[in-house]
A.B. asks: 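Input: one structure, supplied below.
Model, not experiment: these values are computed from the prediction.
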Amino acid sequence: MTRAGAPLVGLLVLVAGCAVEGDFLGTPFAPVNTMLAVVDRHELVEVNGALVPSLRPAPAHTLSLVLTAARENPGAEWRREPAEALTELRTDLATRDGVYLHLVPVQPLLDDGSYTVWFDRDEANDRHGLVQGYTPPPPLGESVPLGGAIRLTLTVDDMDPQAGGHLDGNLDIESRHADDQFGHRAVGIVSIPLAIPVVAERVGKANLAVALPILACAAAAGTDRGAGCADEDPWPVPDVADPAHGR
Amino acid sequence: MTVLRLSSIALAALATLAGCQHGCTGFGGDIDGVPFDPNGTVFTYIDATDDRDDPAEPARVAVAMTWIVFNPAGDLAELSGAELSEMRHEMALRDGLALVFADQAAVVPGARFVSRLDGGVETSDEGLHAVVHFAPERLTPQSTYASFRQFGSVRTVEVELDTVELTPPAPAGAGEGAGLSGRVVIDIEAGPDDVDDARTGQLEGTFTAPVVHERPAEHNLGLLGAADVIGLPLAPPTDEP
């Protein structure tokens, strides 16, 4: 079967027990080795310089979703992995297939059952983006860039947003030519079923602090330059012993 | 109270003496359940030259305490990149303490020093600057925001020196000299603006910190990225108040 002859829809790729449906004109996209879902329900409010946790009202709860071909336990604290394992994780986040949605309002998602966002690939930011993993050059492989316009559609069938809850649904990823874009592009729709636990909030947000800067950098940099994003500094994680906020 | 202090110091010292390789320390007590354990490597060096190798006046005396174990008089650059990377990584994730005495002339047996920080800002000027690095809280699926209670903002470090012998062995790199020994009390208290349930407590310990030459000490601390953790090696002194 040639890549050009691969069906647009219906190709079933089984990766780590997760069925990915579809590809981008024969280019597989399978960010399914690790799926991290975190619901942000608390904020740290500064009172006289001290950080005090506060439960946000339900309409302000947000979901963050990271899907990546990097392999890691979403419930473990990533920054405490041994240095070698952490370096490997950071490199894989920067260079392998990945997609993320950050700060998606939970209540509309529960009410409407879906959330959709369109964005230009080169304008990815820390709210949404897509990392196309590196593919070796021919004859080992063929690296066809995705289209310049990406649509992410998150459909929720069932969700318990509490820590230890679950998210069941689907993430559809559509790659299209951007308006001013011509030439060969890997376009199509990849559909990834989701049946994942909602990770405990504090450890989940600490893991997002590792992953999102790398993913956002790699998504904006593109496949050829994404590897350099493995060194992106993590976002700070507020700590109880932080002397700068200890008053 | 005095009995409690002595017993906790003695217990900490007994618990740690067996494992000492390069210096030694042991702390008893905790900060509302958070212990403190920088007992991997403890050493002293004299910061006698600036970054251009010119004499620094007055010479400062620095004591470093780290959870990780290494030979401060050796050369960490001889480790493999993976080993050094692992040590740097652990350095940031573990407890550490730096004691910096502003003037070597004041570092004598029986001398007492106090360093006080209020909200991260040093408010004392008594010849000691202390940096206490608590390991970042270990997060698990059981970690909740209900347990997010910050430490009190007033941090006092008291040091009393027992023995002082600051002559490093010759030649440089020959190992460790006698150095300093003494007692340390770290007090975390709530300030007037702190939240009601701020974590407070007291840590009490003893230390024995052999002296090593300045250059290997600063070289190794630099390789470990210790400046971002405990503020060593020291930046050149400034004339600004």
A.B. asks: Looking at B/E86, I'd like to know if its CD atom is crowded, meaning that more than 12 non-hydrogen atoms belonging to other residues, nucleotides or ligands lie closer than 6.0 Å.
C.D. replies: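 Buried by this count: over 12 neighbours within 6.0 Å.
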A.B. asks: If you count heavy-atom pairs within less than 4.5 Å of chain B, which of A/G75, A/P238, A/G164 leads?
C.D. replies: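 Top count of heavy-atom pairs under 4.5 Å with chain B: A/P238.
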A.B. asks: Please find the pair of heavy atoms, one from A/A200 and one from B/P141, that lie closest to each other, and give the distance.
C.D. replies: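 Nearest heavy atoms, A/A200 then B/P141: CB-O, 3.3 Å.
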A.B. asks: Quick one: does B/Q150's side chain have a donor or acceptor within less than 3.5 Å of a partner on A/V52's backbone?
C.D. replies: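 Checking the backbone N and O of A/V52 against the side chain of B/Q150, no donor-acceptor pair under 3.5 Å is found.
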A.B. asks: Give the minimum heavy-atom separation between A/V240 and B/E137, together with the two atoms involved.
C.D. replies: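 Shortest heavy-atom contact: CG1-OE1, 3.6 Å.
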A.B. asks: Out of B/A190, B/P136, B/A146, return the one with the most heavy atom pairs under 4.5 angstrom to chain A.
C.D. replies: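 Ranked by contacts with chain A, first place is B/P136.
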A.B. asks: Tell me, side chain or backbone of A/E81 under 4.5 Å from chain B's heavy atoms, or both, or neither?
C.D. replies: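 Only the backbone of A/E81 comes within 4.5 Å of chain B.
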A.B. asks: Give the minimum heavy-atom separation between A/A50 and B/V195, together with the two atoms involved.
C.D. replies: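 Taking A/A50 first and B/V195 second, the nearest heavy atoms are CB-CG1, 4.1 Å.
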A.B. asks: More than 12 heavy atoms of other residues, nucleotides or ligands under 6.0 Å from CZ of A/R56: is that the case?
C.D. replies: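 Atom CZ in A/R56 is crowded, with more than 12 foreign heavy atoms closer than 6.0 Å.
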A.B. asks: Below 4.5 Å, heavy-atom pairs only: which of A/R202, A/H42, A/R79 has the largest tally toward chain B?
C.D. replies: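 Looking at each option in turn, the highest pair count goes to A/R202.
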A.B. asks: Where on B/R88 is there a heavy atom nearer than 4.5 Å to chain A: the side chain, the backbone, both, or neither?
C.D. replies: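 Answer is neither: B/R88 stays 4.5 Å or more from chain A.
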A.B. asks: Other residues, nucleotides and ligands only: do more than 12 of their heavy atoms fall within 6.0 Å of CG on B/D125?
C.D. replies: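 It does not: B/D125 CG has 12 such atoms or fewer within range.
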A.B. asks: Any side-chain heavy atom of A/L55 sitting closer than 4.5 Å to one from B/Y145?
C.D. replies: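 A side-chain contact under 4.5 Å is absent here.
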A.B. asks: What residue, out of A/R80, A/R41, A/E84, has the most heavy-atom pairs lying under 4.5 Å from chain B?
C.D. replies: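 The candidate making the most pairs under 4.5 Å is A/R80.
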A.B. asks: I'd like to check B/H89 versus A/P82 (side-chain heavy atoms, cut-off strictly below 4.5 Å). Are they in contact?
C.D. replies: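 Answer no - side chains too far apart.
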A.B. asks: Can you tell me which of B/R138, B/M87, B/H133 forms the most heavy-atom pairs within a distance under 4.5 Å of chain A?
C.D. replies: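 Counting heavy-atom pairs under 4.5 Å, the top option is B/R138.
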